[in-house]
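Have a look at the structure below, then the notes.
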Amino acid sequence: MNLLSDPRWNDAIGHLPDYLGNHVRVSVAALVLGLAASFPLALMARNRPVMRSVLLVVASIVQTVPGLALLALFYPLLLALAALTSSWFGLGFSAFGFLPAVLALALYSMLPVLRNTITGLQGIDPALTEAARGVGMTPRQSLTMVELPLALPVIMAGIRTAAVWVIGTATLSTPIGQTSLGNYIFAGLQTQNWVFVLFGCIAAAILALVVDQLLALIESGLQVRSRIRVTAGIAVIAALIAVALAPSFARTKSGYIVGAKTFTEQYVLAALISQRLQAAGLPATTREGLGSNVIFEALVNGDIDVYVDYSGTLWANQFHNAGIAPREKLLADIKATLAQRNIILLGELGFENAYALVMPKARADALNIHSIGDLAAHAGAMSIAGDYEFFARPEWAALKKAYGLSFREQRQMQSNFMYAAVASGEVDVIAGYTSDGQIAKYGLTVLDDSRHAIPPYDAIVLLAPRRADDAKLKAALQPLLGKIDIALMREANLRASGTGADSLPTAVARWMWAKINEK
Amino acid sequence: MSDTPPLIAFSHVAKSFDGGRVKAVDDVTLDIAAGEFLAVVGGSGSGKTTLLRLANRLINPDAGTITIAGEDIARVDPILLRRRMGYVFQSGGLFPHMSIAANIGITPRLLGTPKPEIAARVDDLLDLVQLDRVQHRDRFPHELSGGQRQRVGVARALAAKPHIVLMDEPFGALDPVTRDALGADYRALHARLGLTTVMITHDMTEALLLADRVAVMREGRLAALGTAAELSRSDDPYVGELLGTPRRQAERLHAALSRNGTP
């Protein structure tokens with residue numbers, strides 16, 4: 001297929017106003033906040049050697065924390081803070097999306113501004129500061145009339161570096177609930193939509209370059225005292241911000257927000273739910289690519305209204321249950337725990353997406369491995385791959401304990417690359433998902449968990465506390481309950497991992513709805 | 001000169017650096033009369049620049065008092081004090097990001113003088129230091145020669161119409177011809193505007209040619225003070241040494257020039 005005539009470009013462009021607008025807003029807010037914090041700090045620290053080194057060391061340490069981790073850390077931090085303020089002052093705030101993203105990115109932007117402002121001011125010829133005093137300037141006049149103008153090129157270079165960093169790192173704010181150009185990249189990576197990944201990267205790069213050049217224009221304007229250049233640079237940046245703000249004002253009317261975690265099935269189900277709501281006349285938008293722990297808290301706090309989770313995930317991860325219970329007991333248990341937090345378990349979709357140990361069928365047959373128990377004897381010579389969560393999850397501990405598993409090597413992989421990896425023999429076994437269509441595609445087999453080490457993972461629809469009495473919402477989603485069996489979900493997932501226009505989550509969701517109605 | 005009250009008076013002034021280890025100025029008492037042109041001569045580290053910086057409170061003395069027109073400057077706001085005095089820096093000290101006009105007009109601007117008045121004053125000052133106003137007003141320091149920059153430095157020092165001008169090796173970095181011309185031009189300005197000037201230099205010849213009196217500094221102390229004639233009668237070996245070079249130069253020049261004059 002011709003790369004440029006790919007219909008997914010159009011789909012990508014359709015999301016641009018939303019993603020770009022949000023990206024610009026979060027970046028600008030973070031930069032402004034970062035500047036507002038670091039600039040006065042740099043001025044205060046320039047004549048205080050101890051404060052200067054402490055500041056630079058702290059800022060450097062912050063810089064070494066990977067962007068994604070820094071963003072992820074701010075979420076629980078704010079969550080705790082929000083709980084504190086609401087219990088003390090009765091004033092809570094959302095720890096989801098914009099706020100943690102802005103704070104983390106602002107922190108990230110501080111090092112270049114701090115460092116360049118301090119170095120720029122220190123690099124000024126002492127003869128000139130002496131001259132400034134000699135002609136009768138106050139310390140403040142010396143700073144504003146002589147030192148800052150002379151340090152300006154170095155300071156601006158720092159601001160430009162910060163701007164490029166923030167715009168680039170803002171793509172990582174998607175998993176904590178802030179829409180950004182990263183939505184293209186995360187969604188594209190999960191659904192193997194390389195057009196999206198490319199589009200997101202290019203859009204972020206262009207935005208960074210444009211902002212950098214505008215700042216360069218302002219800088220050169222200040223240097224040669226050209227009011228036209230400064231005004232032009234500031235005007236374009238102001239226009240950019242205005243354009244970024246405009247759609248958000250237009251779209252603030254409250255609708256239903258459908259959450260999705262960071263894998264293909266979730267994108268498809270979110271699209272399906274959102275289409276059902278729209279069909280029922282309820283305005284709905286999706287918030288995709290949310291981290292597994294972020295999404296549940298987001299529902300509790302009402303930042304999203306509905307999403308699909310899995311019983312075993314809630315059981316083990318959210319409610320920290322050890323051991324395992326039979327399916328019915330586990331579901332009832334979860335329902336009761338959810339009710340305590342006013343969350344509605346609307347019902348099951350009808351399939352299970354459990355972790356399962358998967359290997360090529362041919363190889364399993366050759367080694368006479370049919371269950372995990374059979375695998376244990378061979379495990380010492382084998383390698384296993386899992387997603388980024390798996391080896392830290394209680395299921396893995398339970399599996400190891402129940403079967404005495406010990407592999408030669410364990411590796412972490414992007415989940416949708418695992419199947420190809422095990423099919424090609426790159427690894428011997430993977431911890432796959434039972435509903436993944438790639439199991440059939442690559443001729444893999446799911447090993448039997450005869451000792452029930454892995455809890456059941458029924459897909460369940462959860463509603464936010466504030467939607468508890470929303471009959472319209474419940475009615476709109478009712479037709480989905482119990483109607484999606486494992487075969488349908490597998491095929492849907494396989495379709496969504498394709499590369500054509502019909503592999504878009506929205507297209508696959510429409511196909512699913514048609515299939516559901518055929519039954 | 002001794003019957004008029006001094007305009008600037010140093011009385012037992014001392015200043016040390018590095019926690020007292022370096023005595024930059026050590027018990028200096030010195031009166032400078034209104035209208036006088038005093039040159040302060042000494043080697044590097046003799047304390048001559050420190051003495052000058054004490055006069056406009058760029059630094060404060062550890063001991064002793066400095067008065068200007070009878071007023072103890074320790075009780076004067078240093079910012080206002082500096083705005084009242086002209087200061088010419090060693091290598092010009094011009095602000096590279098400001099035009100020549102902005103550099104010259106800086107002290108009046110700090111004093112809140114209206115803009116048109118500053119502009120007129122800048123033009124007058126450019127005339128005064130013999131720089132073409134139209135050609136130089138809007139240029140930047142880096143576009144000027146060393147001599148021109150130093151002329152601008154002088155103009156800037158005179159901008160707020162001070163009575164006192166402090167000069168820190170103002171012509172030190174210039175070539176001999178420019179240096180001589182600038183020195184002579186400044187001496188004329190000094191007389192014309194009725195200034196009181198304290199000029200730091202390491203060059204005894206320059207000091208003798210320009211100043212009314214020369215103060216010789218050595219290791220923070222005032223080694224000698226007087227007119228050229230008075231200094232030449234001094235029996236201080238250091239002063240003799242300092243006077244030796246200009247004397248020999250003068251004799252050799254005299255001899256060379258007279259030989260050439262009578263072939």
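Not measured: the values here are computed from a predicted model. Side-chain atoms are counted along with the backbone in the values below, which use heavy atoms only and exclude waters and symmetry mates.
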### Task
Could you tell me which portion of B:Leu80 (side chain, backbone, both or neither) has an atom closer than 4.5 angstrom to a non-hydrogen atom of chain A?
neither

### Task
Pick one of side chain, backbone, both or neither for B:Ile106, based on which atoms fall under 4.5 Å of a heavy atom in chain A.
side chain

### Query
Below 4.0 angstrom, N of the basic side chain to O of the carboxylate: do A:Arg46 and A:Glu147 qualify?
yes

### Query
Given the options B:Asn56, B:Ile79, B:Leu58, B:Leu111, which has more heavy-atom pairs under 4.5 Å with chain A than any of the others?
B:Leu58

### Query
For chain A, which of B:Ala157, B:Pro78, B:Pro96 has the most heavy-atom pairs under 4.5 Å?
B:Pro96

### Task
Please state whether the rings of B:Phe171 and B:Tyr186 are parallel, tilted or perpendicular, taking 30° and 60° as the class boundaries.
tilted

### Lys/Arg-Asp/Glu bridge criterion (N-O < 4.0 Å) met for B:Asp185, B:Arg151
yes

### Query
Under a 4.0 Å N-O cut-off, is there an ion pair linking B:Arg53 with B:Asp168?
no

